[in-house]
Q: 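For reference, the structure I am asking about is given below.
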Amino acid sequence: MTIRWGSYKVTNLYDELLRASGKPRAAAEIICGYLRSLKDDDLEEFKMAAESAIHVMGISFRVYHEDEGSIDRDWPFDIIPRIIDKQEWLNIEAGLKQRVKALNMFIDDLYNDQNIVKDGVFPADLLKKSKNFLPQCKGVHPPLGIWAHICGSDLVRDNDGTVYVLEDNLRVPSGVSYMLENRKVMKRVFPEMFEQYSILPVDDYPSHLYDMLCELSPRDIEQPEIVLLTPGIYNSAYFEHAYLAQQMGAEVVEGRDMFVDDDDVVYMRTIEGPARVDVIYRRVDDHFIDPEVFNPDSMLGVPGLMRAWKAGNVALANAPGSGVADDKVVYAFVPDIIKYYLNEDAILPNVPTYKCINKDERDHVIENIHNMVVKPANESGGAGMLIGPHSSKAECEKFKRLIRRDPRNYVAQPMLMLSTAPTLIGNKAEPRHLDLRPFVLSGKAIEVTMGGLTRVALRKGSIVVNSSQGGGSKDTWIVDMEA
């Protein structure tokens, strides 16, 4: 017997599947019992089946190396699922809906009346120095008042079991295709588990995404022309771009495939002539979408796209400028933002966050930097971050200088003891830290995926879950124990 849960030890941490005693949590009893019954050869066979399915299905991601350039790799996947009881999930779902609703109201306010600034809830100086506030978007009212139509909020669980929002991704959140493919792989590997569990589905996401995009169309027609704008095949997320477009029945286009005519309408070049485009699901950053307005050297965007958007002739998801809320300093204000717009307390708490723009908080961070996780305001994928307890004295001193030089660009948080889940390392189950990225669609209604992308740090003791830095993933099962 390979997996003996009695010898699986987790000390002072919350494990997603097992209690400190080594006994499975209620929702995990079936899968833990099944895994315990498997022998070495069985486990190896299941691992190989998953790896073969990933390879055959072409599930890959792209990493960049200074010496080797870009390399496509098979998606790293662990066959032991993460399991969350539906009753707990309903509270998480409500918290995500609340959060995204308030953030969209916040973005719309910033580009129009700025009441939250006038009322002193959000600092004017913070907005003035925001790298992602786009003056070109002032006065715009996008369809339904929604700016961030697709949001991926990262959740973590501390050692006491509390679920926190770690950050919000409102520009071009990625990873949903891997959530969908993880489920397909698990159905191939453990089909019998889907008969024994009532696992809530995620495979309806592409149809919900398509329906939401249709709601944004400026033309009241039965089948709006929807396209997905990609930077191209060399982008690290191109697999996802092609996958989602295929699932929706939409065209994948690059900037050169479209043009804006004198009527401020976007057209797509086709073999049958120009075809009007109604909705663009863009996976290109703001500063590259229109060389007439932003980076004049950009070859990724469409000249005149902002004119067409402002004229209301095309919808963009996510809307340009939505990244103003995708800022780790803004993140620290989200509980206040929820209270201001909704007059509600946040259902899901933030991780306690120190704002380095505040002198007292900055001094505290500098004095205790060896115990802090320090994050730059606008980086992603773990870039530019300091994990104090795992850093050298020289690295800590470097970040002290960076904070003093540009306090607006940094926040700091205590290092959480992230929850773990059993993960196959070789042929043994060992605890590994993880997070969760659910995806939220905002249109006429707000919908949350039943689960999300669980990312797991495959290196022992690491809390860095990004695939580009050695992380992997798990399928996430929201199970209805009352069904």
Side-chain angles (χ1 to χ4, degrees), residues 57-58 60 62 72 136 140 142-144 146 149-150 171-174 176-177 180 204-320 322 441 443:
M57 293 162 70
S60 63
R62 181 159 291 172
D72 284 329
Q136 299 89 339
V140 175
L144 307 175
I146 305 296
H149 309 87
I150 303 105
R171 280 177 282 188
V172 282
S174 62
V176 72
S177 62
L180 298 170
D204 54 356
Y205 177 85
S207 63
H208 288 306
L209 174 61
Y210 178 81
D211 290 343
M212 182 274 290
L213 294 173
C214 285
E215 293 172 357
L216 308 179
S217 173
R219 291 193 294 171
D220 186 13
I221 56 177
E222 187 174 342
Q223 285 191 308
E225 186 67 65
I226 297 173
V227 300
L228 188 150
L229 176 61
T230 177
I233 62 172
Y234 297 108
N235 184 264
S236 60
Y238 184 75
F239 167 82
E240 176 158 296
H241 304 166
Y243 177 88
L244 289 175
Q246 187 271 335
Q247 292 290 307
M248 291 192 294
E251 297 287 344
V252 179
V253 298
E254 298 182 33
R256 61 191 176 187
D257 298 321
M258 296 187 291
F259 66 94
V260 177
D261 215 339
D262 294 338
D263 56 0
D264 289 344
V265 169
V266 181
Y267 294 92
M268 173 174 54
R269 295 181 172 91
T270 76
I271 57 174
E272 297 174 350
R276 179 171 176 174
V277 174
D278 298 296
V279 183
I280 300 174
Y281 175 21
R282 67 177 183 95
R283 299 298 295 259
V284 175
D285 287 342
D286 286 348
H287 294 94
F288 297 94
I289 61 172
D290 185 348
E292 284 186 3
V293 177
F294 301 115
N295 186 338
D297 298 323
S298 173
M299 303 293 288
L300 303 178
V302 184
L305 184 58
M306 288 291 288
R307 279 191 286 112
W309 177 62
K310 286 185 174 183
N313 293 328
V314 70
L316 298 177
N318 286 347
S322 56
L441 297 176

Q: How close do S174 and R283 get, counting heavy atoms only, and between which atoms?
A: CB-NH2, 3.2 Å
Q: To the nearest 0.5 Å, what is the distance between CE on M268 and CD1 on I280?
A: 10.0 Å
Q: Got a second to check how far M212's CE is from Y205's OH, nearest 0.5 Å?
A: 6.5 Å
Q: Tell me, do M306 and P320 make a side-chain contact under 4.5 Å, heavy atoms counted?
A: yes
Q: Start with the C-alpha gap between V314 and V260, add the side-chain angles, then the distance that decides, and say whether side-chain contact (heavy atoms from CB on, under 4.5 Å) holds.
A: CA-CA 10 Å; V314 70; V260 177; over 6 Å; no
Q: Quick one, W309 with D290, criterion side-chain contact (heavy atoms from CB on, under 4.5 Å). Give me CA distance, side-chain angles, the key distance, then yes/no.
A: CA-CA 11 Å; W309 177 62; D290 185 348; over 6 Å; no
Q: Quick one: does any side-chain atom of E254 pair with a main-chain N or O of G232 as donor and acceptor, under 3.5 Å?
A: no
Q: What distance separates L213 CG from H208 NE2, expressed to the nearest 0.5 Å?
A: 13.0 Å
Q: When you compare the side chain of V172 with that of D285, does any pair of heavy atoms fall below 4.5 Å?
A: yes
Q: Within the 4.5 Å heavy-atom criterion, are P231 and H241 side-chain neighbours or not?
A: yes
Q: Let me see the working for V227 and V266 under side-chain contact (heavy atoms from CB on, under 4.5 Å), right down to the final yes or no.
A: CA-CA 11 Å; V227 300; V266 181; over 6 Å; no
Q: Nearest 0.5 Å, please: how far is CD in Q136 from CD in E292?
A: 12.5 Å
Q: I'd like to know if the side chain of D278 and the backbone of P224 have a donor-acceptor N/O pair within less than 3.5 Å.
A: no
Q: Measuring only between side-chain heavy atoms, which start at C-beta, is E251 closer than 4.5 Å to T270?
A: no
Q: Please check: side-chain N/O of N313 versus main-chain N/O of D264, any donor-acceptor pairing under 3.5 Å?
A: yes
Q: Do the non-hydrogen side-chain atoms of C214 and I226 ever get within less than 4.5 Å of each other?
A: yes
Q: Would you confirm whether N295, through its side chain, and H287, through its main-chain N or O, come within 3.5 Å as a donor-acceptor pair?
A: no
Q: Holding to ring pair (Phe, Tyr, Trp, His ring centres under 6.0 Å), I want the full list of residues that pass it with F259, two or more places apart in sequence or in another chain.
A: Y267
Q: Atom CG of N318 and atom CG of D286: how far apart are they, to the nearest 0.5 Å?
A: 9.0 Å
Q: Report the distance from atom CG of L300 to atom CZ of F294, rounding to the nearest 0.5 Å.
A: 14.0 Å
Q: Could you walk me through whether I150 and L441 pass side-chain contact (heavy atoms from CB on, under 4.5 Å), step by step?
A: CA-CA 5 Å; I150 303 105; L441 297 176; 3.7 Å; yes
Q: Extract all donor-acceptor atom pairs below 3.5 Å that involve side chains of residues 242-249 and protein atoms in other chains or at least two apart in sequence.
A:
unit_1 : atom_1 : unit_2 : atom_2 : d
Y243   : OH     : E181   : OE1    : 3.4
Y243   : OH     : K184   : NZ     : 3.3

Q: Which pair of non-hydrogen atoms, one from P218 and one from R276, has the smallest distance, and what is that distance?
A: CG-NH2, 4.2 Å
Q: Donor-acceptor check, side chain of D257 to backbone of R269, threshold 3.5 angstrom: yes or no?
A: no
Q: Looking only at non-hydrogen atoms, find the nearest pair between G301 and S298 and report the distance.
A: N-OG, 3.6 Å
Q: To check you understand the geometry: which heavy-atom pair defines the closest contact between E240 and S177, and what is its length?
A: OE1-OG, 2.8 Å
Q: Any side-chain heavy atom of V176 sitting closer than 4.5 Å to one from L209?
A: no
Q: Does R219 CZ have over 12 foreign heavy atoms under 6.0 Å away?
A: yes
